[in-house]
Amino acid sequence: MDYQFKDIEQKWQQFWAQNQTFKAQDKSSKPKYYVLDMFPYPSGAGLHVGHPLGYIASDIFARYKRLKGFNVLHPMGYDSFGLPAEQYAIQTGQHPALTTEANIATYRRQLDQIGFSFDWSREVRTSSPDYYKWTQWIFMQLFNSWYNKAADKAESIDTLVKHFEQHGSAGINAVSDEEVLTFSADEWKAKSNIVQQNELLKYRLTYLRESTVNWCPALGTVLANDEVKDGFSERGGYPVEQKKMMQWSMRITAYAERLLQGLDKIDWPEPLKEMQRNWIGKSTGASVKFPIESQESKVKSQDYIEVFTTRVDTIFGVTFLVIAPEHELVAELTTPAQKTEIDAYIVQTKKKSELDRMADAKTVSGAFTGSYVINPLNNERVPIYIADYVLAGYGTGAVMAVPSGDQRDFLFAKHFNLPIVPILDTQNIVDEADSTKEGKYINSAFVNGLDYKEATAAIVAKLEELKLGKAKINFRMRDAIFGRQRYWGEPVPVYFKDGLPHLISEDHLPLLLPEIDKYLPTESGEPPLGRAEGWVYQGAPSKSPPVGETSLSHEAGSYRETADPVYYEQLKDFSRDNRNQPTQTEDILWQLLRKEQTGYKIRRQHAIDQYIADFVSLEKGLIIELDGHHHKLNKEADDARTETLNHFGFEVIRFTNDEVLQSPQGVFETIKEKLDALPERDKTHFTGDQKVSPTGGDLEGAGYAYELSTMPGWAGSSWYWYRYMDANNDKEFASKEAIEYWKDVDLYIGGSEHATGHLLYSRFWNKFMKDLNLVVEEEPFKKLINQGMIQGRSNFVYKIGYAISYPPVYGNDVEDEIISEKRYNELDKIGPQILISKKWYNEYLNNEGYKEFLYNFLKEELSKNIQLKSSNSSMYDGAFIDENILKVLPTHVDVNIVENDILDIKKLRSSRKDYQNAILILEDGSISSPTGGGREGAYICGVEVEKMSKSKFNVVNPDDLIARYGADTLRMYEMFLGPLEQSKPWNTNGIEGVFKFLRKFWRLFHNDAWEFKVSDAEPTKAELKSLHKIIRKVEEDVERFSFNTSVSSFMIAINELTDLKCNNRQILQDLVIVLSSYAPHICEELWTLLGNEAGTLSYAPYPKFNPAFLVEDEFAYPISINGKTKMNLNISLSLEPKDIEAYVLANADVQRYLDGKQPKKVIVVKGRIVNMVV
RNA sequence: GCUCAGAUGGUGGAACUGGUAGACACGCAGGACUUAAAAUCCUGUUCCCGUUAAAGGAGUGCGGGUUCGAUUCCCGCUCUGAGUACCA
């Protein structure tokens, strides 16, 4: 029978599924090998031909490793939480779980028909509760951990608490928030639980903190840095803005150094590592404090400005300091004389969006504050400027400017006429800064004459001695925002009590995603989970209550002396800050309330217990609070706060900012009425002997609000490779034995788009899990390969766009308007489309005469083919075509109706209505019209390489190709296309060659009548040579992931064996094994035809290469003269170079080439070449 | 701007440690089979000059270097792609 790929492929796919042929063994004496593809998101669009590229490569590798005797783990699953399903749900109201399910089914069907050897018994889905239970569990471990810098690893938060209890905060070297408290052991123990928990939150590896986030209003969620590209969201391309929000974050910065170091130990593509290095952004330098020049009467909150620099050696070249406009000291540093200028500049920068700021990079702008710092090493006065080229978010938000060494500083200095002092004798600073490190220092006091290394060391030493600086390492990487204000993600296993986050009990995992009515934020702007009814935590908070969970106010004697004196002191500091920087609404209200305008003394930003009240009347016990509109999770905190304040004898009234802005007077009246109505404050509560629970009861029966945001897309994919090791375990995320056996991923294949997202977060979680001894390897992916992108190859037709203008109607020239592009396109629909072939398009571009031809042609065709009439027909009477508006537009045409750039005109006509009556000028100049019959010439389309996408009509679907050629052909063709890592355009043209090859292979096993027939004779030498060449070639190629070259070699081998008329069983059987990882279906079929047991091919031993079969006794030496090959000579390989030389020189043809001359030198490389120098 | 990767026929690409550049495949041209088409098979196919077959010459983005010999190594440049960006 001829090669029937359809039947064969279906048969074997079924067989593999039924027999679980590719199930990996949990326990095995074989060595393990773990081949993984990057977790796919099952999108609704289905696969295009570019998607399976990496899967085919990894599958070939996995199959090859099985043949080589490895126990191979090759799983597949779905990263099934994510934005697209949710966006779709918002539009259609369909539950994302349903659409996701449907998408997975499509995805699976498409994967199955390509014949992958996945172990489907281990399939995972991040959106399944069995799976996200463990994502939540890992989140809990992160919450319960801190990073101990001394041990350089994460540890349980218990060890931190123990340390605090025994030694206080002294001796702790941790990665934490910047502002942490300092306290003794006794002070710690004296703190209320709330204060303690608040403090611990600053150390936890996942924490809640008010931070500046990338807010995307269109998606209604925050995004991580890697999800933002050039100020727009990566998914959807919506604008992103900066916003302060209470957010869950992951303290990935704790691992910055280890993430960087680890890169040196893994076999990844260099560009990928480079991207991670850039993202981590380590820079070694020094921090230097520049004392602020004292000014009479002005009290500063700080008497120095700290800068970070990587070139501390240039400190003698500092001629000014630049701080970011957002720098906290700007207000204090601005002198009255400079205030207008500075304010104007700040307003100007605020107006600029991120994008403007980037685009504006070239223009110099800034403003002088009027203040000076002192250069600590030469005591010179250094003016302080603000400028937006200094970023508040990097380093300290301040730079020491060295115009001689830094181009931005140089431009700034030129612009503001600031001095430029050279500091190295080799510097050339006439036109631009020179950042050289060569030469000896000048103008640099005690380092004059030293070189770069010496000077740097000397300066750092000096600064350290002065206690004004030290060597420092800075990282660009920020902590990763972990919450998303979206529905379709893992719920965060956290509830809120006293405004503080608490973990739910492990017994209550998984915390299931609740059902909601609409997948939209609530009216009050809470995330979608705010819609879930009754979604509150009822259980016990944890098995062992958090340390120190006692009454918060057992020491409270008065509102000033709260439970925690240290904390209270800090609050007073914050209050002072707040008073200095009132918000707009606070300021409006304060102007009305101050100076007893209500009849009572009002204080603003006043610390009470652990809170700061916006406004308070101590006399009447009334607290006035201003709120932005807020989040449900803040409400829990607000309620707790109100309750506590009530307890201290205060009544709380709240206004929103909007209320104040709209009617300040009304707000004032309400407050006044309230004050008048209130009695004197009851102070009896301040005895402190009462046990107070701020939430009004014990946990039993109480409902605590859950966290309303969900986890980001990368949560589930940051550990999934461990789940595959033990996918069905319901006791642990994976068993210890499984992890110890499989350890890590040996080969990971996927796209480079995950470089700074998934691959960085995964390494982070892996290191964390290693620290907790949950896993055994420091790095999860030993070897990684980026498959290149498959680009689309678009085809174009060249459409004549024409417009019709009208003469003045009724003496009115209104109609003679300039026709806009849009109108022009509308008009071009009134007649038939006219398309010109590629040659004529080039003619149109380069030849004025042809334009005229087209114009005349068009006029004639139009008068012939259409009547210029419509409902108001007079409009078209006498209409004329405007030559100036005639244009030829390259227009995408569906690549599926084009073959070898030749358009299928019939298919074109039936594809779209507006092409039905099209007139085509063909390559040979003849014309194809709908009425004209007979044979037609060719219409040649234009070609361009672009992204593969529906809108460009260049999507090639693997389903179609499999239907035409089969999966084996598709697999081999995708590999044949070129090196795996390289991006390349898809062109279906070559696929025939691969198909022919498989048929030729099939035919080796069959006689002319297509009957299966092999011979049992002893193989010939030539046959064995062909076989062993390919055995070795495939081994070499697969090991170095050069799949394209082995496909070529297969073709060569089959061509050779066909020429040898080989149908030898021994040869063919080994060949089947060698080819089976590339084209598994056809090989399985032939394997059983050869009489082997079905299903045994996948685990057959790979044939052993025997070099003896390749040994030649002769070699056709290329004979070259001065490096140019002239001829070949067959010479026995047993001859030594000397004899070869003699043999070659004796040859008559060689003598002819030498033309009687004696060669100066003869180079003979045995088995390679003979070269003569004349 | 910086970093990285790359540039070989009409096309995808091969040449692995410096040793016959263009393997393999597509496309194209010619031929066989056929009434015809499809399929299949055979031959040719880097460019230039040229021929009866020849014989020459040039040639791996450009310019130089090292070498008996360079697509491969070194230096400088051009272009393309990717990443990143006032990162101090």
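Every chain is numbered from 1, with letters handed out A, B, ... down the list of sequences.
- Pairing for B:G63 is with B:C75, a Watson-Crick or G-U wobble pair whose two hydrogen-bonding atom distances lie under 3.5 Å.
- B:G64 adopts an anti glycosidic conformation, its chi angle falling more than 90° from 0.
- Between A:W986 atom CH2 and B:C26 atom C1' there is a gap of 13 Å when expressed in whole angstrom units.
- Across the strands present, B:C41 finds its partner in B:G31; the criterion is a Watson-Crick or G-U wobble pair with both atom distances under 3.5 angstrom.
- Annotation: B:G18 and B:U3 have their C1' atoms spaced 29 Å apart (nearest Å).
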Write down the protein N/O and nucleotide N/O pairs, taken from nucleotides 41-46 of chain B, whose separation is under 3.5 Å; answer none if there are no such pairs.
none

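- Of the candidates B:A88, B:U40, B:A23, B:U40 carries the atom nearest the A:R999 side chain, counting heavy atoms from C-beta on.
- Comparing B:A88, B:C24, B:G83 by their nearest atom to the side chain of A:M1051 picks out B:C24.
- Contacts of A:Y841 classified as side-chain hydrogen bond (donor to acceptor under 3.5 Å, both in side chains), with partners at least two apart in sequence or in another chain: none.
- Spacing of C1' atoms, B:G22 relative to B:A14, comes out at 8 Å, to the nearest Å.
- Among residues two or more places apart in sequence or in another chain, the ring pair (Phe, Tyr, Trp, His ring centres under 6.0 Å) test is passed with A:F1001 by A:F1005.
- Checking B:A88, B:A14, B:C24 against the side-chain heavy atoms of A:P979 singles out B:A14 as nearest.
- Whole-Å rounding puts the A:L411 CG to B:A88 C1' distance at 15 Å.
- If you measure from atom CD1 of A:I1030 to atom P of B:A23, you get 17 Å, rounded to the nearest angstrom.
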Check the interface with nucleotides 16-20 of chain B: list each N/O to N/O pair with the protein under 3.5 Å, or write none.
from: B:C16; atom 1: N4; to: A:K1033; atom 2: NZ; distance (Å): 3.2

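- Annotation: B:C62 and B:G9 have their P atoms spaced 10 Å apart (nearest Å).
- Across every strand in view, B:A21 sits unpaired, with no contact that passes the Watson-Crick or G-U test at under 3.5 angstrom.
- A salt bridge links A:R277 with A:E274: the distance from a Lys NZ or Arg NE/NH1/NH2 to an Asp or Glu carboxylate oxygen falls below 4.0 Å.
- Looking only at distances, a side-chain donor or acceptor of A:S1120 sits under 3.5 Å from a matching main-chain atom of A:V1170.
- You'll find the side chain of A:I323 stays beyond 4.5 Å of the side chain of A:V307, heavy atoms only.
- Looking at A:M38 and A:L784, their side chains come closer than 4.5 Å, going by heavy atoms from C-beta outward.
- Partner assigned to B:U84 is B:G1, using Watson-Crick or G-U wobble distances below 3.5 angstrom.
- Remark: C1' of B:U40 and CZ of A:F997 are 18 Å apart, rounded to the nearest angstrom.
- Note: CG (A:D388) to C1' (B:A88) measures 15 Å, nearest angstrom.
- No side-chain donor-acceptor contact under 3.5 Å links A:K1161 to the backbone of A:V1173.
- For the pair A:F308 and A:W279, nearest-nucleotide mapping onto RNA chain B gives the more 5' position to A:W279.
- The gap from the C1' atom of B:C24 to that of B:U8 amounts to 15 Å, rounded to the nearest Å.
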### Message
Could you walk me through whether A:T253 and A:D479 satisfy the side chain to side chain donor-acceptor pair (under 3.5 Å) test, starting with their C-alpha distance in whole Å, then the side-chain angles of each, then the deciding distance to 0.1 Å, before giving a yes or no?
### Response
CA-CA 6 Å; A:T253 47; A:D479 278 346; 2.5 Å; yes

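- The P atoms of B:G64 and B:G56 are separated by 26 Å, rounded to the nearest whole Å.
- In this structure, B:A14 makes no Watson-Crick or G-U wobble pair, since no nucleotide meets both defining distances under 3.5 angstrom.
- Rounded to a whole Å, the NZ atom of A:K282 is 14 Å from the P atom of B:A88.
- Heavy atoms of A:D409 sit nowhere under 4.0 angstrom from any nucleic acid atom.
- Both distances falling under 3.5 Å, in either a Watson-Crick or a G-U wobble arrangement, occur for no nucleotide opposite B:U51.
- Comparing A:M1172 and A:S1042 against RNA chain B, the residue whose closest nucleotide sits nearer the 5' end is A:S1042.
- Within the 4.5 Å cutoff, the side chain of A:K1138 has no heavy atoms near those of the A:V1164 side chain.
- Taking atom P in both B:G65 and B:A54, one finds a spacing of 36 Å when rounded to whole Å.
- A:S1026 and A:E1056 are linked by a side-chain donor-acceptor pair at a separation below 3.5 angstrom, with hydrogens and angles left out of the test.
- Partner assigned to B:A58 is B:U46, using Watson-Crick or G-U wobble distances below 3.5 angstrom.
- Electrostatic pairing of A:R999 and A:D2 counts as a salt bridge here, judged by a charged N lying under 4.0 Å from a carboxylate O.
- The same atom, P, is picked in B:G13 and in B:A70; the two are 26 Å apart, to the nearest Å.
- Counting only heavy atoms from C-beta on, A:R476 has its side chain closest to B:U84 among B:C24, B:U84, B:A88.
- Of the residues listed (A:T309, A:T314, A:D313), the one engaging A:R311 in a side-chain hydrogen bond (donor to acceptor under 3.5 Å, both in side chains) is A:D313, and it is the only one.
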Detail all sub-3.5 Å separations between protein N/O atoms and N/O atoms belonging to nucleotides 1-12 of chain B.
from: B:G12; atom 1: O2'; to: A:L977; atom 2: O; distance (Å): 2.5

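- Judged purely by atom type and a 3.5 angstrom limit, A:Y939 has no side-chain atom pairing as donor or acceptor with the backbone of A:D904.
- Using a 4.5 Å heavy-atom threshold, the side chains of A:I790 and A:K984 count as touching.
- Listed nucleotides: B:A88, B:C86, B:A25. Nearest to the side chain of A:N1055: B:A25.
- Following rounding to the nearest Å, A:F1050 (CZ) and B:A25 (C1') show an atom-to-atom distance of 16 Å.
- Nearest heavy atom pair, residue A:E974 against residue A:V49, reads OE2-O, 2.8 Å.
- Under the 3.5 Å distance criterion, the side-chain polar atoms of A:S837 are matched with a main-chain donor or acceptor of A:I940.
- When the P atom is compared between B:C68 and B:U78, the two are found 32 Å apart, to the nearest whole Å.
- Taking side-chain N and O atoms only, A:N474 has no distance below 4.0 Å to OP1 or OP2 of B:A88.
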### Message
As a quick check of understanding, evaluate ring-ring contact (aromatic ring centres under 6.0 Å, His included) for A:F320 and A:F416, giving each step before the final call.
### Response
CA-CA 11 Å; A:F320 55 101; A:F416 288 94; 8.2 Å; no

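- Using the Watson-Crick or G-U wobble rule with both distances under 3.5 Å, B:A70 pairs with nothing in any strand shown.
- In this structure, CD1 of A:I315 is placed 17 Å from P of B:A88, rounded to the nearest angstrom.
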Can you check nucleotides 70-76 of chain B for protein contacts, nitrogen or oxygen pairs under 3.5 Å, and list what you find?
none

